[in-house]
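All of these numbers come straight from a predicted model, not from anything done at the bench.
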There are 2 protein chains.
Amino acid sequence: MGRKALYTRDQFVDAALKLLAEGGPGSVTIKAVAEETGAPVGSVYHRFLSRNILLAELWLRIIDLFQVEFLEALAQGDGLRAALYTPQWVRKHPKEGKVLLMYRQEDLASGTWPEDIRERALSLREELNEGIRSFVKHRFGRVTEQNFSRAVFALFDVPHGAVRRYMEVDTVPPKQVDDLVRETYDAVMGGDR
Amino acid sequence: MGRKALYTRDQFVDAALKLLAEGGPGSVTIKAVAEETGAPVGSVYHRFLSRNILLAELWLRIIDLFQVEFLEALAQGDGLRAALYTPQWVRKHPKEGKVLLMYRQEDLASGTWPEDIRERALSLREELNEGIRSFVKHRFGRVTEQNFSRAVFALFDVPHGAVRRYMEVDTVPPKQVDDLVRETYDAVMGGDR
DNA sequence: CCTATACTAGAATATGGATTCTAATATGTC
DNA sequence: GACATATTAGAATCCATATTCTAGTATAGG
């Protein structure tokens with residue numbers, strides 16, 4: 001029943017991703033998304049209630065994509081692999097990587113979110129925290145504020161920080177970044193402690 | 001000659017800083033800046049040719065503020081102090097810190113810049129590179145791509161990465177961050193190498 | 001072949017914000 | 001005191017973008 005669709009939700013999200021990676025949030029206008037896809041603006045609105053929701057969808061998709069494998073590595077207790085996952089992932093997904101690092105509270109904060117989306121976002125954050133928490137427990141025996149922060153630093157903040165400058169100028173982080181992340185991981189998470 | 005000024009450039013820049021730190025780039029409208037200052041929009045435009053230029057002024061001011069002391073530490077050959085400078089600085093200047101980390105090429109990239117501003121920006125970047133280069137030379141004997149990257153990682157990327165998550169939610173980085181930055185610095189820059 | 005419907009098309013509308021403009025207002029100078 | 005001018009004031013303009021709306025179109029099901 002009904003006409004065959006010429007454009008899918010995914011196509012619009014893809015277009016938004018491309019625009020976001022290339023020109024930042026400001027360049028993701030509905031008109032631009034439509035043009036990028038070859039669709040009329042009406043069709044974009046047929047799929048997405050609003051621009052904000054389209055963007056939210058995009059963030060969620062990317063965060064999810066990143067997080068799944070990251071958590072897998074963690075679940076196996078392989079912290080180093082998880083730490084190295086960031087540089088590797090952004091090499092494999094440059095556009096997504098750029099957007100992941102570009103992500104700012106503020107970008108999503110504007111406007112109010114449907115229950116649906118807020119929930120998915122919360123759930124993602126919870127999964128991540130839970131994953132780290134259980135890794136920390138496995139690694140250190142118990143979870144304190146101290147060693148939780150330590151793990152976040154080694155697993156997340158350092159890899160992201162190391163990779164950011166490259167993504168910002170649309171280049172891929174060089175191999176050396178992995179060495180530095182590794183050295184840091186070993187120094188901060190290694191030994192007895 | 002002429003009327004006494006009620007509002008200065010600095011007042012507008014301060015207002016912009018506050019707005020930027022609180023609500024991100026989108027919330028820095030000329031109207032908002034004017035209201036925050038108690039001035040009419042006309043007076044803002046009397047001081048700044050455009051919103052872009054006001055923002056550029058703000059970025060430059062902050063980057064300069066940050067960089068001066070950072071380079072001083074480096075010039076004394078005190079790399080660790082330079083690495084620890086970031087967490088300390090953002091504690092001292094929370095709004096500026098937030099904005100410094102919020103800074104995105106894209107925010108300045110939109111629109112075209114007066115020669116004047118482009119020059120100041122380039123000059124800042126040059127000073128920074130030069131400072132790091134000479135520190136690297138002093139520390140490692142010679143400057144290679146490898147050890148330059150290593151220094152940037154330890155002096156910049158790690159401290160910034162470590163501090164970011166706190167600034168994003170308007171909190172001050174805890175003391176532990178300094179420990180982690182130090183441990184990383186020692187691991188990455190310490191020893192013979 | 002008819003109908004309901006999912007979707008395409010893109011024009012019309014609404015809004016927000018940057019920038020411009022015109023008119024007043026002080027203040028130092030002559 | 002009159003002039004020139006820097007500045008205040010804020011209304012008017014312009015423009016880009018989100019969102020809405022109205023019409024047409026293709027397709028599955030009967």
Do the charged groups of [X] and [Y] touch, with an N to O distance under 4.0 Å?
X	Y	value
B:Arg9	B:Glu57	yes
A:Asp157	A:Arg150	no
B:Asp10	B:Arg47	no

Between atom [atom1] in [X] and atom [atom2] in [N], what is the gap in whole Å?
X	N	atom1	atom2	value
A:Arg51	C:dA14	CZ	C1'	17 Å
A:Ile30	C:dG10	CD1	P	17 Å
B:Lys4	C:dT27	NZ	C1'	9 Å
B:Tyr45	C:dA23	OH	C1'	20 Å
A:Met1	C:dA6	CE	C1'	9 Å
A:Arg9	C:dC7	CZ	P	11 Å
B:His46	C:dT25	NE2	P	17 Å

Is the distance between the ring centroids of B:His160 and B:Phe66 less than 6.0 Å?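 Yes - the distance between ring centres of B:His160 and B:Phe66 falls below the 6.0 Å cut-off.
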
Looking at A:Phe12 versus A:His46, is the centre-to-centre ring distance below 6.0 Å?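 Ring-ring flag for A:Phe12/A:His46: false, centres at least 6.0 Å apart.
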
With nearest nucleotides of DNA chain D determined for A:Val41 and B:Thr8 from heavy-atom distances, which residue corresponds to the more 5′ nucleotide?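 This one resolves to B:Thr8.
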
With sequence neighbours left out, write down each residue that passes salt bridge (charged side-chain N to carboxylate O under 4.0 Å, His left out) with A:Arg133, or none if nothing qualifies. A:Glu130

In terms of relative ring orientation, are B:Trp59 and B:Tyr103 parallel, tilted or perpendicular, with 30° and 60° separating the classes?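 Taking B:Tyr103 first and then B:Trp59, their aromatic rings stand perpendicular (interplane angle over 60°).
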
Mind checking if A:Val28 touches a base, just sugar-phosphate, or nothing, with heavy atoms under 4.0 Å? sugar-phosphate

So, is A:Arg47 close to the C:dA6 phosphate, meaning a side-chain N or O under 4.0 Å from OP1 or OP2? no

Return no unless some side-chain N or O of A:Tyr7 is found under 4.0 Å from OP1 or OP2 of C:dA9. yes

Going 5' to 3' along DNA chain D, which are the first and last nucleotides with any atom under 4.0 Å from a heavy atom of chain B?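 Under 4.0 Å from chain B, the extent on DNA chain D is D:dT5 to D:dA11.
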
